[in-house]
Amino acid sequence: MQELYHNLHRMINFRHAVTHDPLPLDFHQHQDHYEIYFFLTGDVHYFIEKQVYPLQYGDLLIMHSNELHRPNFQSKKQRYENVVIHFNPTLVKSFSSPQFNLLDCFNNRVFGEQNRMRLTPQQIDDIMKLYERMEMYNRPQALPGSEILLVSAFIELLVFINRVFQNQGKQEEQIMIPDKLSSLFTYIDENLDQDLSLEVLEHVVFMNRSYLCRLFKKHTGSTIHEHILFKRIAKAKQLLREGSTVTDTCQLAGFNDYSNFIRTFKKAVGLPPRQYQAQQRRV
């Protein structure tokens, strides 16, 4: 437990952000952390795996560390405000009980589905009070003992989120992705080790490549190439964690050029593949 407090801001990273000029973000994952994203203002369509969620005031998003996601800002000429928490799931396990798993809403659902919770006005008010407490405890000038109260409020937040998740059931999502793009996402996921050039993909979905690229950009805010690259990096990380050699990982993740794989992986992850694998073995 003492290690938690020595590394508290790495274990629970709390950020309340307000901007009128949001920087575009690439597709990304959080290697060892889960994410809780609470939306307040702006015009955002949030892409997670194969879903696009148009957000409204009070929407709550939850992301597992392996779920590829990206906010797509529809306009820069307005106020954007959100509260984002990244946390290490290993910290949470010791606070769960046999009857109540605090990571249930992150782990016990279909990958890339049920990421959004649409809260009631009362639930929005309740979660805002929790965030206000966390923000107060997170300040540099906070009173002694605030680090303990921050952890306590965070655990309370996870109980709140899991209760909402359990009570809402599987809601019908507002689907923003056209069927053609859904088919494309599925094909990419199932064929990362194959040729995924535009020449191939346009025949898979029976659509002109120029129109396909425009459609993809419109709904995700990014390019097909970027999406495939980050999917392949995610696959490579998984293979390395499971014990595959770097050479086999290069092929199985769809990188045909070994040198390019090493360079691309290091740029995306911050470590070369072999060093990343060694680090994961020590965890």
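Heavy atoms only: backbone and side chains are in, while hydrogens, waters and symmetry mates are out.
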Exercise. Atom CG of Leu60 and atom CZ of Phe39: how far apart are they, to the nearest 0.5 Å?
Worked result: 12.5 Å
Problem set entry | CD-NE2 distance between Gln74 and His45, expressed to the nearest 0.5 angstrom | 4.5 Å
Exercise. How are the rings of Tyr276 and Phe265 set relative to one another: parallel (under 30°), tilted (30 to 60°) or perpendicular (over 60°)?
Worked result: perpendicular
For this session: Check the surroundings of atom OH in Tyr258: do more than 12 heavy atoms from other residues, nucleotides or ligands lie under 6.0 Å from it?
Result: yes
Exercise. Is Asp189 paired with Lys50 through a side-chain N to carboxylate O contact shorter than 4.0 Å?
Worked result: yes
Problem set entry | Crowding at NZ, Lys235 (>12 non-hydrogen neighbours, <6.0 Å) | no
Exercise. Would Glu49 and Lys231 pass as an ion pair if we require N to O under 4.0 Å?
Worked result: yes
Seminar exercise, completed: To the nearest 0.5 Å, atom CG of Asn108 lies from atom CD of Gln114 at 9.0 Å
Seminar exercise, completed: Value for CG (Asp126) from CG (Leu157), rounded to nearest 0.5 Å, stands at 11.5 Å
Problem set entry | Other residues, nucleotides, ligands: >12 heavy atoms within 6.0 Å of His20 NE2 | yes
For this session: On the 0 to 90° scale, with breaks at 30° and 60°, tag the Phe47-Phe185 ring pair as parallel, tilted or perpendicular.
Result: tilted
For this session: Determine whether more than 12 heavy atoms belonging to other residues, nucleotides or ligands lie under 6.0 Å from atom CG of Asp179.
Result: no
Exercise. Stepwise, does the ring-ring contact (aromatic ring centres under 6.0 Å, His included) test hold for Phe106 with Phe165?
Worked result: CA-CA 10 Å; Phe106 296 91; Phe165 180 80; 8.8 Å; no
Exercise. Is the shortest distance from a Lys or Arg side-chain nitrogen in Arg79 or Glu81 to a carboxylate oxygen in the other one below 4.0 Å?
Worked result: yes
Exercise. Would the number of heavy atoms belonging to other residues, nucleotides or ligands and lying under 6.0 Å from CZ of Arg163 be above 12?
Worked result: no
